[in-house]
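Below: the structure, in structure tokens.
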Amino acid sequence: QVQLVESGGGLVQAGGSLRLSCVASGRTFSRYAMGWFRQAPGKEREFVAAISWTGGDIDYADSVKGRFTISRDNAKNTMYLQMNSLKPEDTAVYHCAAVSVTYSFSFYSRADDYTYWGQGTQVTVSS
């Protein structure tokens, strides 16, 4: 069992930055591929970014490429999402997710591929 706890959300003006963190506990963090997803009111959960357990393979949604950076520190059992140049359309609850993998290069962009989820942290971007 893996427990995930997000933090770092808040209210920021358009053009600003936030750094989200996701701390994992319960199992060996480094054997898990991780991802960030977000859900805005009235919308379906959507993929934001994913990272393999080594951190060497990364994927981003087109809407955040060039603005968001995903990273992880396996020694600290923590994954991060640095969000720059935020836009009002980035407003959502951001969730981190984890799934046990066999291969170091594996990462996933579909929510259904993930086993464990955090409760989420609210990000609000004002115009």
Side-chain angles (χ1 to χ4, degrees):
Q1 192 76 6
V2 174
Q3 292 80 43
L4 303 174
V5 178
E6 305 94 336
S7 64
L11 174 64
V12 64
Q13 288 188 332
S17 298
L18 284 174
R19 188 194 197 200
L20 305 184
S21 298
C22 172
V23 178
S25 61
R27 286 290 183 93
T28 304
F29 179 70
S30 61
R31 293 285 178 176
Y32 286 79
M34 306 285 293
W36 287 100
F37 290 78
R38 65 188 182 186
Q39 188 164 20
K43 295 187 178 181
E44 293 187 355
R45 186 170 295 188
E46 67 170 351
F47 169 72
V48 176
I51 188 167
S52 62
W53 66 260
T54 63
D57 296 274
I58 290 173
D59 190 23
Y60 295 98
D62 289 342
S63 59
V64 306
K65 280 182 181 176
R67 300 188 298 122
F68 291 10
T69 302
I70 189 172
S71 62
R72 65 190 294 167
D73 184 340
N74 289 343
K76 296 182 178 179
N77 285 1
T78 303
M79 176 179 66
Y80 305 97
L81 185 68
Q82 178 66 45
M83 305 187 295
N84 299 328
S85 301
L86 282 161
K87 304 175 181 179
E89 51 263 43
D90 294 319
T91 295
V93 176
Y94 284 70
H95 299 268
C96 64
V99 59
S100 178
V101 296
T102 300
Y103 301 107
S104 63
F105 52 80
S106 297
F107 59 90
Y108 304 99
S109 60
R110 296 192 319 152
D112 287 347
D113 289 326
Y114 289 88
T115 307
Y116 304 103
W117 290 84
Q119 291 299 308
T121 184
Q122 176 70 48
V123 171
T124 303
V125 184
S126 63
S127 57

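From a predicted model like this one, the values you see are computed outputs, not experimental measurements.
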Sequence neighbours excluded, the answer for side-chain contact (heavy atoms from CB on, under 4.5 Å) partners of Ser126 is Leu11, Gln13
Residues forming a ring-ring contact (aromatic ring centres under 6.0 Å, His included) with Tyr94, sequence neighbours excluded: none
With sequence neighbours left out, which residue pairs that include part of residues 97-127 fulfil the disulfide (SG to SG under 2.5 Å) condition? none
Per the salt bridge (charged side-chain N to carboxylate O under 4.0 Å, His left out) rule, what does the pair list look like for residues 40-54, sequence neighbours excluded? Arg38-Glu46
Sorted by chain and residue number, the salt bridge (Lys or Arg N to Asp or Glu O under 4.0 Å) partners of Glu89 (sequence neighbours excluded) come out as none
Enumerate the disulfide (SG to SG under 2.5 Å) contacts for residues 35-87, please, sequence neighbours excluded, ordered by first and then second residue. none
Taking every non-hydrogen atom, the tightest pair across Arg72 and Ser52: NH1-O, 2.9 Å
Nearest 0.5 Å please: distance from the CD atom of Gln3 over to the CG atom of Asn77. 11.5 Å
Verify side-chain contact (heavy atoms from CB on, under 4.5 Å) between Cys96 and Met79, making sure each step is shown before the conclusion. CA-CA 8 Å; Cys96 64; Met79 176 179 66; 3.5 Å; yes
Kindly say whether Val125 contributes a backbone atom to a donor-acceptor pair with the side chain of Thr91 at under 3.5 angstrom? yes
Do Phe107 and Met34 make a side-chain contact, defined as non-hydrogen atoms from C-beta onward lying under 4.5 Å apart? no
Just grab all the disulfide (SG to SG under 2.5 Å) pairs involving residues 41-86, residues at least two apart or on different chains. none
Quick test of your reading: applying salt bridge (charged side-chain N to carboxylate O under 4.0 Å, His left out), list the pairs with at least one residue in residues 93-111, sequence neighbours left out, ordered by first then second residue. Arg110-Asp113
Which is it for Tyr116 and Gln1 under the side-chain contact (heavy atoms from CB on, under 4.5 Å) test, yes or no, and what are the steps along the way? CA-CA 8 Å; Tyr116 304 103; Gln1 192 76 6; 3.9 Å; yes
Side-chain atoms of residues 55-68: list all donor-acceptor pairs with protein atoms under 3.5 Å, sequence neighbours left out, distances to 0.1 Å.
unit_1, atom_1, unit_2, atom_2, d
Tyr60, OH, Ile70, N, 2.9
Asp62, OD1, Lys65, NZ, 3.2
Arg67, NH1, Ser85, O, 3.0
Arg67, NH1, Asp90, OD2, 2.7
Arg67, NH2, Ser63, O, 2.9
Arg67, NH2, Asp90, OD1, 3.0
Arg67, NH2, Asp90, OD2, 3.4

Give me the atom names and distance for the closest heavy-atom approach of Ser127 to Pro88. CB-CG, 3.8 Å
Using a side-chain heavy atom cutoff under 4.5 Å and only I, L, V, M, F, W and Y, what cluster partners does Phe105 have? Tyr103
What about the rings of Phe37 and Trp117, do their centers lie closer together than 6.0 Å? yes
Return all side-chain donor-acceptor pairs below 3.5 angstrom for residues 14-24, not counting sequence neighbours, or 'none' if the list is empty.
unit_1, atom_1, unit_2, atom_2, d
Ser17, OG, Asn84, OD1, 2.9

Between Tyr32 and Thr115, is a side-chain contact (heavy atoms from CB on, under 4.5 Å) present by the stated rule, with each step listed? CA-CA 10 Å; Tyr32 286 79; Thr115 307; over 6 Å; no
Verdict with reasoning, Thr121 to Val93, per side-chain contact (heavy atoms from CB on, under 4.5 Å): CA-CA 5 Å; Thr121 184; Val93 176; over 6 Å; no
Listed by chain and number, what are the side-chain hydrogen bond (donor to acceptor under 3.5 Å, both in side chains) partners of Gln122, not counting sequence neighbours? Thr124
Of the non-hydrogen atoms in Ser104 and Thr54, which two are nearest, and what is the gap between them? CB-CG2, 3.4 Å
Check Phe47 against Ser109 and note the closest heavy-atom contact, atom names and distance. CB-O, 3.3 Å
Going by heavy atoms in the side chains, are Tyr108 and Val101 under 4.5 Å from each other? yes
If you round to the nearest 0.5 Å, how far is CG of Asp73 from OH of Tyr80? 5.0 Å
